[in-house]
Novice: 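I have a structure here, written as structure tokens, and I will follow up with some questions on it.
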Amino acid sequence: MIITIDGPAGTGKSTVSRLVADMLGLDFLDTGAMYRAVGLEAIRRRANLEDPRELAYIARLCRIEFDWAQKPPVLLLNGEPVSHLLRSAEVTQAASYVAVVPAIRELMVRQQQRIGREHPDLVTEGRDQGSVVFPGAELKFYLDATPQERARRRVRQLRERGELVDYHEILQGIMTRDHRDSTRTVGPLSVPPDAEKVDTTNMTQEQVVNLIVLRARAKGAAQRP
Ligand code: DC
């Protein structure tokens, strides 16, 4: 069973997807981490983020794999485990430039589809998983929340990690990225017609997880052994 979970930043997608995968005994694919890894490589090579050709060139130099033995799987960038480096503000910004380059999206989509073939029992999260990457997925969800609530969640998350952050700056960043994500020509953030839209603004993470697990079990997903 493939379950796709799409939606904008700050909807709790990552945590929800990980918990759902764990409860159902499915593998978990974080596709944002793949764009982030290319962003990290672009920073390391001091690339001009405004130059799509340079970014596409760098993306082709990136060998992106996952160590599936770890939970959640650790991303290996040319053999180096980098998951712990991917959530900084700098990498987040670079990834949003990387994700609008059509040639890079094509590369990532092909790799994600290959992962789907190798891991046919999968919870995959991103922006285009139900619409472009796995249009035939058994279950599709689109998580959403108001930009203000998403900004509050991000601020809480970053402060817990000890980062000094400003709510208004985070809110502005979320709105800018939403705009970039939903207006790009290839794989824009959109609600697949056959996805269930879940407004998480007033829901706890546990409620969102339970809803998805319930739907998956109704479709015959196995219980964790
Ligand atoms: O979900 P995230 O914040 O880790 O995603 C990082 C960036 O990659 C963000 O700008 C959205 C983009 N992205 C995308 O365009 N398509 C995906 N399937 C996943 C992420």
Side-chain angles (χ1 to χ4, degrees), residues 2-18 28-43 49-50 52 55-56 58-59 62 64 66 72-75 77 82-116 122-135 137 140-145 147 150-151 153-155 157-158 161 163 165 170-192 195 200:
I2 290 192
I3 302 177
T4 63
I5 302 183
D6 291 303
T11 49
K13 271 189 326 273
S14 300
T15 313
V16 163
S17 304
R18 221 175 310 133
F28 162 62
L29 175 61
D30 171 3
T31 62
M34 298 171 72
Y35 291 95
R36 287 172 181 271
V38 177
L40 173 65
E41 187 66 19
I43 292 169
L49 296 178
E50 308 269 358
L55 293 180
I58 288 170
C62 294
I64 294 174
F66 286 93
V74 168
L75 190 145
L77 174 59
V82 293
S83 289
H84 61 293
L85 302 175
L86 298 180
R87 318 262 359 147
S88 71
E90 206 188 356
V91 172
T92 300
Q93 203 215 7
S96 78
Y97 282 92
V98 163
V100 295
V101 180
I104 301 181
R105 299 202 69 85
E106 264 173 49
L107 266 179
M108 296 298 138
V109 167
R110 249 183 285 133
Q111 291 186 31
Q112 290 156 16
Q113 289 172 334
R114 181 178 46 76
I115 291 172
L122 192 67
V123 177
T124 177
E125 63 119 327
R127 304 290 188 285
D128 56 352
Q129 298 302 290
S131 55
V132 175
V133 184
F134 299 107
K140 300 181 184 180
F141 296 90
Y142 184 93
L143 305 191
D144 212 349
R150 287 155 51 207
R153 290 176 187 172
R154 249 305 124 92
V155 165
Q157 203 177 47
L158 293 171
R161 261 185 244 151
E163 291 188 35
V165 286
I170 297 281
L171 179 60
Q172 192 53 50
I174 281 184
M175 305 227 282
T176 308
R177 272 192 291 138
D178 276 3
H179 182 72
R180 214 179 283 145
D181 282 350
S182 52
T183 55
R184 67 172 171 243
T185 47
V186 181
L189 176 63
S190 64
V191 190
T200 70

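First listed ligand is number 1; within each ligand, the first listed atom is number 1. One is the number of the first residue; the rest follow in order along the sequence.
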Novice: Does a side chain donor of either R180 or S96 reach within less than 3.5 Å of an acceptor in the other side chain?
Specialist: yes

Novice: Is a donor from one side chain sitting under 3.5 angstrom from an acceptor on the other, for T124 and Q129?
Specialist: yes

Novice: Can you work out which protein residues put a heavy atom within less than 4.0 Å of ligand 1?
Specialist: K13, T31, G32, Y35, R36, R87, A95, S96, A99, R105, G126, R127, D128, Q129, D181, R184

Novice: Does either side chain, that of R153 or that of T200, offer a donor lying less than 3.5 Å from an acceptor on the other one?
Specialist: yes

Novice: Distance from L29 atom CG to F134 atom CZ, nearest 0.5 Å?
Specialist: 6.5 Å

Novice: Do the side chains of L143 and I5 get nearer than 4.5 Å, heavy atoms only?
Specialist: yes

Novice: Tell me, yes or no, whether the heavy-atom count around E90 atom CD, taken from other residues, nucleotides or ligands under 6.0 Å, exceeds 12.
Specialist: no

